[in-house]
Number of protein chains: 2
Amino acid sequence: MNVQLLNKKEAIFESTLKLINEYGFHGTPMSQIAAHANVATGTIYHYFSSKDELILELFKYCREKTNEHIFDFKEDLPYKERFFYIWNRLVDYYIAHKETFWFIEQFYSSPYYELIKQKKTTYYGVDKMHLFFEEGIKSGILRNVSFYTLISIYIGSATSHVKMVTYGFCKMQAKGRAELIEIIWNGVKNQYQ
Amino acid sequence: MNVQLLNKKEAIFESTLKLINEYGFHGTPMSQIAAHANVATGTIYHYFSSKDELILELFKYCREKTNEHIFDFKEDLPYKERFFYIWNRLVDYYIAHKETFWFIEQFYSSPYYELIKQKKTTYYGVDKMHLFFEEGIKSGILRNVSFYTLISIYIGSATSHVKMVTYGFCKMQAKGRAELIEIIWNGVKNQYQ
DNA sequence: ATTTAACAATTGAACGTTCATTCGGGTGCA
DNA sequence: TGCACCCGAATGAACGTTCAATTGTTAAAT
């Protein structure tokens with residue numbers, strides 16, 4: 001009775017996203033998703049072969065939308081500015097789309113992720129980040145540390161921050177956020193240039 | 001047929017931990033937990049009033065065990081060493097107890113956490129961290145940034161790192177780990193002392 | 001020392017509900 | 001006429017929880 005806009009497939013996605021956030025993977029029956037999306041239960045099975053597939057597809061959908069958003073910028077900014085920009089775009093996007101954020105978090109830490117981890121399909125987001133960090137190291141702007149170290153700090157702190165904010169722990173969001181990315185920059189920039 | 005050691009309550013905890021890691025909150029029926037813990041289904045209801053309560057109690061149990069472990073050290077180390085020590089203890093513990101780690105992650109990002117978030121019961125772990133960071137700031141060793149900023153970086157990077165390692169993405173664990181905590185230290189230490 | 005009684009712990013079959021999935025039928029468009 | 005899309009009641013399996021019955025334990029009473 002809520003989502004009318006979009007085509008049915010997207011309505012199903014959006015409803016699933018909302019309900020899973022509220023009630024979890026369990027606790028969200030297909031019938032409820034259908035009702036919320038204004039379709040019949042059977043219709044979902046026209047688009048997805050099972051509940052698991054629906055959830056898997058929704059995960060890809062969320063991840064793509066997020067990546068589209070954060071890498072949308074003019075390439076010619078100085079490196080440091082891009083470093084701040086991408087991080088802030090990510091935090092912005094997650095805070096503006098809390099349901100997407102929490103769904104992705106829930107998915108990553110559930111056994112679902114095991115189902116797609118193996119897939120060698122080079123994942124767009126990781127590729128982009130890889131190139132971005134590599135550029136920073138090659139040009140001597142970033143310290144020469146491993147990609148996974150950089151990702152852990154860069155993404156880990158962003159998600160932690162979003163968690164704090166959405167939990168309601170963290171007042172003074174803007175200040176905290178500025179402090180955070182600046183500390184990270186301090187930590188990873190090359191000191192001897 | 002597996003866990004025989006401990007008393008029944010702990011056997012139920014350990015079985016729940018293992019099975020939820022493998023199959024998720026859903027996908028883990030009480031009957032299966034009972035079978036794995038070598039008790040009858042009804043026995044679980046002698047110790048816990050419902051499945052939800054079992055999961056909530058298990059969460060507290062895991063959190064306490066983790067905190068006991070990471071804050072176990074001699075107070076007289078220099079600040080910087082404690083800063084590295086606690087972080088490494090946390091990473092060590094999670095890597096040695098992957099099931100605890102993933103259960104906590106799953107719990108935090110699920111609707112379960114909403115159920116206990118409100119509880120004002122000053123949570124031991126957060127208190128300890130608060131004092132620890134406060135000490136660093138007051139003595140001028142750490143930059144004067146907000147507690148939640150420090151927590152986001154310190155804990156966020158640790159969990160990110162553990163995720164990378166348990167996903168199997170990150171080879172050369174020891175090097176990556178040393179890089180990470182050093183970068184964080186670089187970022188948060190006071191530059192002008 | 002033995003009996004007794006109260007209570008705690010344990011069992012697993014049975015119950016009632018919920019839920020993912022199926023299916024037979026309907027509608028509108030090429 | 002065929003095909004894609006859509007419906008929602010029906011199905012059947014799975015699951016959380018209950019409960020009457022059994023066993024184990026503790027400690028007061030004899």
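Protein chains get the first letters and strands the later ones, always in sequence-line order, with residue 1 at the start of each.
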Short N-O contact, R143(B) and E182(A), less than 4.0 angstrom: yes

Quick check on side chain to side chain donor-acceptor pair (under 3.5 Å): which of K175(A), H161(A), R177(A), E179(A) does T149(B) satisfy it with? E179(A)

What integer distance in Å separates E10(A):CD from dC5(D):C1'? 17 Å

For a quick check of understanding: with a heavy-atom distance under 4.0 Å over all strands, which category does S49(A) fall into, base, sugar-phosphate or nothing? nothing

How many Å lie between CG on N38(B) and P on dA9(C), as a whole number? 19 Å

Partner residues of D52(B) under the side chain to side chain contact (heavy atoms under 4.5 Å, CB included) criterion, sequence neighbours left out: S50(B), Y112(B)

Of all the choices, dC15(D), dA9(C), dT21(C), which nucleotide is nearest to the side chain of Y47(B) once you look at every atom? dA9(C)

OP1 or OP2 of dT11(C) sitting under 4.0 Å from any side-chain N/O of T43(B)? yes

Calculate the interatomic distance between Q32(A) atom CD and dA20(C) atom P; express it in whole Å. 10 Å

Regarding F48(A), tell me which of base, sugar-phosphate or nothing describes its non-hydrogen contacts under 4.0 Å with the strands shown. nothing

To the nearest angstrom, how far is Y45(A) atom OH from dT22(C) atom P? 7 Å

Quickly work out the M30(B) CE to dT17(C) C1' distance and round it to whole Å. 16 Å

Over how many whole Å does the gap from K51(A) atom NZ to dT22(C) atom C1' extend? 17 Å

Criterion side chain to side chain contact (heavy atoms under 4.5 Å, CB included) on F13(B) and Y47(B), from CA distance to verdict: CA-CA 11 Å; F13(B) 272 156; Y47(B) 294 99; over 6 Å; no

Could you tell me how far apart H46(A) (NE2) and dG28(C) (P) are, to the nearest whole angstrom? 16 Å

On the nucleotide dT10(C), are OP1 or OP2 found under 4.0 Å from the side-chain N or O atoms that K8(B) carries? yes

I need the CZ-C1' distance between F25(A) and dC15(D), as an integer number of Å. 20 Å

Of all the choices, dC19(C), dG16(D), dT17(D), which nucleotide is nearest to the side chain of P29(B) once you look at every atom? dG16(D)

Of the nucleotides dC7(D), dT11(C), dT17(D), which one has an atom closest to the side chain of A40(B)? dT11(C)

What distance do K9(A) atom NZ and I44(A) atom CD1 have between them, rounded to the nearest 0.5 Å? 13.0 Å

